Amino acid sequence: MENEYKLLLSCPSGLSPSQVSVILDESYDRVQHPDLDLENSISEIWNQRVQQSPSLFNGKKFRYGGVNGGESQVCLHLGLTDYRTFVGTNLNPLWERFLVPSQDDCKQCQHTSSPLGNGAIVETSDNKILVLQRSNNVGEFPGYLVFPGGHPEPEEVGIMSHKCQDGLQYSEVSNVSVSQEMFDSIVREVVEEIGVPDASLSDPLLIGISRRVLNVRPAAFFFIKCNLQSTQVQQLYSSAQDGYESTKLYTIQPSELEYMASKMPGCHRGGFALYKFMLEAGTKVH
């Protein structure tokens with residue numbers, strides 16, 4: 001199950017920021033579960049985790065609440081959640097009890113935190129793909145192979161709740177800044193985790209959203225070109241800012257990726273599937 005995935009959105013031609021809009025609204029927030037014991041287990045699990053790892057930080061996250069549109073224009077529906085609720089719902093040993101039996105993806109996951117993660121398929125100038133081996137001191141899937149990534153961050157665009165400081169709801173202006181954060185955040189993650197300068201990276205293209213079947217974990221995937229050779233990238237990686245999150249960087253031929261992807265968590269295997277669709281579509285990235 002940990003390798004299984006579901007594709008929630010596929011954009012093989014790749015979407016730029018002008019083709020991706022966002023509606024941030026509290027109607028896309030998590031719905032509390034009617035089982036109070038299950039609901040109370042969220043705090044219990046978080047408190048246990050904090051005792052084990054006192055450095056854990058409960059940051060705000062964007063909650064995935066669905067998507068509208070097709071291959072040339074999409075609108076993401078986002079709510080707000082936080083890392084604590086993610087640990088207590090999606091990463092709860094009882095996570096399946098939070099699900100609602102439904103074919104509708106958003107209804108099925110209405111009681112889970114489901115923060116929208118992100119990942120990048122980064123291609124070097126000598127056509128190698130970057131894959132990281134996660135370290136053993138990360139919260140999810142220690143030791144697994146993954147694409148670089150993390151989360152878009154509400155706090156990066158000054159969002160702490162659904163209301164502005166003057167008590168008003170956020171406007172279309174903030175929806176535009178949230179949409180831009182989807183693209184800015186993946187560049188930040190690649191810079192921090194790999195150590196390459198952002199000037200070496202092309203503008204990201206959204207190629208889709210996949211979801212891990214295990215604990216229904218969604219992630220948006222992007223394609224980025226890097227104008228450095230793989231040997232240069234390896235040198236920069238040795239001094240990457242977030243190097244503690246990973247222990248090794250692989251620079252591999254796209255043909256070797258099938259094997260590597262078999263050792264990835266489901267959401268990242270889904271990212272590989274989205275990349276394959278992009279290659280099949282013959283998408284050109286400059």
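Please read all numbers here as calculations on a predicted model, not as lab measurements.
- Under the salt bridge (Lys or Arg N to Asp or Glu O under 4.0 Å) criterion, E39 pairs with R30, sequence neighbours left out.
- Using modelled atom types, one side-chain atom of Q19 and one backbone atom of S72 make a donor-acceptor pair closer than 3.5 Å.
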- Test salt bridge (Lys or Arg N to Asp or Glu O under 4.0 Å) on R97 and D35 and set out the steps. CA-CA 10 Å; R97 285 180 52 192; D35 180 338; 3.0 Å; yes
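- Counting only residues at least two apart or in different chains, ring pair (Phe, Tyr, Trp, His ring centres under 6.0 Å) contacts with residues 111-133 comprise H33-H111.
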- Please walk me through it: do N227 and T124 pass side chain to side chain contact (heavy atoms under 4.5 Å, CB included)? CA-CA 6 Å; N227 66 16; T124 62; over 6 Å; no
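- Listed for the Q234 side chain is a donor-acceptor partner under 3.5 Å among the backbone atoms of L249.
- Side-chain atoms of N90 come within 3.5 Å of backbone atoms of V216 as a donor-acceptor pair (strictly under, hydrogens ignored).
- The side-chain contact (heavy atoms from CB on, under 4.5 Å) test with F147 singles out one residue from E189, E193, H268, M260, and that residue is H268.
- Residue K61 holds its NZ atom at 13.5 Å from CG of L78, rounded to the nearest 0.5 Å.
- Checked by atom type and distance alone, the side chain of N58 never pairs as donor or acceptor with a backbone atom of D82 at under 3.5 Å.
- Applying the salt bridge (Lys or Arg N to Asp or Glu O under 4.0 Å) criterion to R188, with sequence neighbours excluded, gives E156, E181.
- For F222 and F183, the distance between ring centers is under 6.0 angstrom.
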- Given K60 and E155, is the salt bridge (Lys or Arg N to Asp or Glu O under 4.0 Å) satisfied, shown in steps? CA-CA 7 Å; K60 285 276 178 204; E155 291 166 27; over 6 Å; no
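- Looking at L80 and P154, their side chains come closer than 4.5 Å, going by heavy atoms from C-beta outward.
- One N or O on the side chain of D104 and one on the backbone of K107 form a donor-acceptor pair closer than 3.5 Å.
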